[in-house]
Amino acid sequence: MLIKQSEDFKASEVTPESIYRERRRFMQGTLGIASGAALLGGAGLLSPSARAIATDPDAKGEELRYVIESELSTDEELTSYDDITRYNNFYEFGTDKGDPKKHSRRFKPRPWSVSFSGECEKPGVLDLDDVINPHQLEERIYRLRCVEAWSMVIPWVGVPLGPVLERFRPTSKAKYVAFTSVLRPDEMPGQKRSFIDWPYVEGLRIDEAMHPLTLLTVGLYGRVLPNQNGAPIRLVVPWKYGFKSIKSVVSIAFTEDEPPTTWNIENAREYGFYSNVNPEVDHPRWSQKRERRIGFFSKRETLMFNGYADQVAHLYEGMDLAKYY
Amino acid sequence: MNGERRRSGGVARTGPPRWLKPALFAAALIPFGYLAVGLLADGLGANPVETITHVSGEWALRLLLLTLLVTPLRRATGLTWLVRLRRMLGLFAFFYVVVHFTTYALLDAGLDLAYVVEDVLDRPYITVGFVTLCALVPLAATSTDAMIRRLGGARWRRLHRLAYFAGAGAVLHFLWLAFSKSDLREPLIYFAILVVLLVARLPAVAARLGRLAPRRVAAPARADPPPPSPAKRQAAR
């Protein structure tokens with residue numbers, strides 16, 4: 001696998017902010033996808049450095065433009081595009097890891113709108129473009145740790161959630177943020193069975209939601225998010241087990257009380273509200289001490305908060321993490 | 001082999017078709033071949049270790065249940081030679097259990113004994129799986145003709161009733177694991193099959209099954225190994 005590391009780019013190659021801001025205005029409403037980019041490409045305005053840095057020859061889908069790197073990215077070896085898009089837990093499309101890829105073709109990620117509601121001054125329903133376009137797209141290469149003891153390294157593309165939430169002016173009563181996935185049994189065969197109380201719901205404490213690592217994600221490997229990975233818009237919270245990173249989000253609500261979360265409803269003893277990656281607190285049915293990185297045979301040690309302890313440990317100071325698992 | 005011995009009894013039609021045993025042997029190796037070729041050709045998906053664990057576990061369970069199917073099927077069809085396929089099915093079940101456990105011990109636990117011990121003691125579904133493996137060891141070890149003779153038919157049969165326990169253990173192991181996914185469909189299918197196979201052994205049900213069989217030969221259905229006394233035979237299954 002050929003991975004371009006950030007060192008490959010000189011500062012002079014990076015499009016100055018003023019220029020890409022201008023292009024963004026020009027392309028408003030297109031989310032910077034390839035069609036608009038072709039228009040500009042002909043005018044010779046595009047430089048390759050305006051693209052996301054992670055590439056994979058197998059990557060498909062429309063390219064996202066004007067994506068910048070982030071210092072919050074890890075430089076670990078990336079999991080291949082193929083593996084990221086064929087090994088998924090997305091029960092809306094079936095419970096086998098291969099089901100989401102197989103059964104998500106009929107899913108229509110556009111048009112898409114997201115409702116913002118609850119304890120905030122400016123609630124509203126926004127088109128996806130209007131949610132994302134006011135912000136700078138960033139590539140964030142994060143470790144993803146599944147509660148099932150496997151992990152990946154994924155080059156997501158998205159915008160930090162915090163500034164998006166600020167636009168709706170959360171009030172002092174907004175202690176939590178509740179997220180809801182789309183409910184479309186006709187396009188999501190897994191939702192035709194009621195073993196889970198659809199739609200999928202998740203939640204974060206407001207300080208977790210506002211944390212700079214928390215990403216509202218619209219792409220991976222520099223391209224639009226494939227259906228099986230939570231198209232068109234999902235959450236990525238890299239220090240928590242993967243199921244906290246809710247997919248295909250249609251509703252974001254500020255709440256005063258801790259919102260219900262799907263896996264906690266299903267099985268409270270095994271899945272808590274916090275679900276921070278923690279090698280010291282085992283899942284009742286398996287150890288969380290180690291994980292298998294997809295693409296590798298032997299297991300490796302799982303890190304506290306999935307290796308993001310320096311950034312997030314302060315959020316949980318004084319909390320008994322065995323109790324608030 | 002029991003088969004050869006019985007052929008001298010003069011009833012030509014009591015043996016399985018000649019091709020059946022080799023065909024069954026080859027068929028039982030197909031999942032292993034799939035895993036071996038897949039492993040070498042990078043064809044086992046994003047998480048090959050998980051694929052090996054799942055496929056070997058699934059086939060161990062299926063083959064275990066097949067061994068439990070032999071007796072009811074023999075009763076219902078009157079084909080006594082079916083019993084002579086059971087040893088091979090049982091040994092293949094054990095083979096896949098060994099592949100399953102070895103994969104876990106080697107690639108999940110990294111041959112870390114403390115890790116395995118903690119898993120077996122702390123996690124009920126692994127406890128059940130491990131006990132099931134332990135129950136199958138004496139069955140595999142006493143599967144030879146020599147061991148059957150040494151133990152004697154009655155004791156051998158009593159020991160091999162552990163197969164019910166192993167079948168139930170394997171189903172429970174799978175059910176308990178799947179519980180975390182909230183999706184119990186697949187393990188419940190195996191559970192239902194297990195229940196049917198156990199119900200088929202209730203005396204009343206077994207007798208009814210026996211009446212289904214076409215009675216071409218008057219000879220009593222023979223179990224494998226040759227039973228020592230008719231009384232014991234009736235008590236057995």
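This one's a predicted model, so the numbers in the text were calculated from it and none came from an experiment. Note that these values count all heavy atoms, side chains included, but never hydrogens, waters or copies made by symmetry. Every chain is numbered from 1 and lettered A, B, ... according to where its sequence line falls, protein lines coming before strand lines.
In K192(A), the NZ atom is crowded: over 12 heavy atoms of neighbouring residues, nucleotides or ligands sit closer than 6.0 Å. For F191(B), the CZ atom counts as loosely surrounded, since its 6.0 Å shell holds 12 or fewer non-hydrogen atoms of other residues, nucleotides or ligands. When the shell of 6.0 Å around CZ of R300(A) is examined, it contains more than 12 heavy atoms from other residues, nucleotides or ligands. Applying the 6.0 Å contact sphere to CZ of F32(B) captures no more than 12 heavy atoms from other residues, nucleotides or ligands.
Salt bridge D112(B)/K299(A): absent, no basic N to carboxylate O contact under 4.0 Å.
Of all non-hydrogen atoms in I294(A) and A46(B), the two that sit nearest each other are CG2-O, 3.3 Å. For H283(A) against R123(B), the heavy-atom pair with the smallest separation is O-NH1, 3.6 Å.
For the set D119(B), D108(B), D122(B), the count of heavy-atom pairs under 4.5 angstrom toward chain A peaks at D108(B). Of the listed residues (E266(A), R290(A), K97(A)), the one with the most heavy-atom contacts under 4.5 Å to chain B is R290(A).
Proximity to chain B is limited to the side chain of D282(A), based on heavy atoms less than 4.5 angstrom apart. At a 4.5 Å heavy-atom cutoff, the contact between L39(B) and chain A is made by side-chain atoms alone.
Annotation: side chain of R185(B) is not in contact with side chain of F195(A) (no heavy-atom distance under 4.5 Å). You'll find the side chain of T95(A) stays beyond 4.5 Å of the side chain of E186(B), heavy atoms only.
The backbone N or O of L107(B) sits less than 3.5 Å from a side-chain atom of R292(A), completing a donor-acceptor pair.
Taken from OG in S298(A) to CG in L111(B), the straight-line distance is 11.5 Å, to the nearest 0.5 Å.
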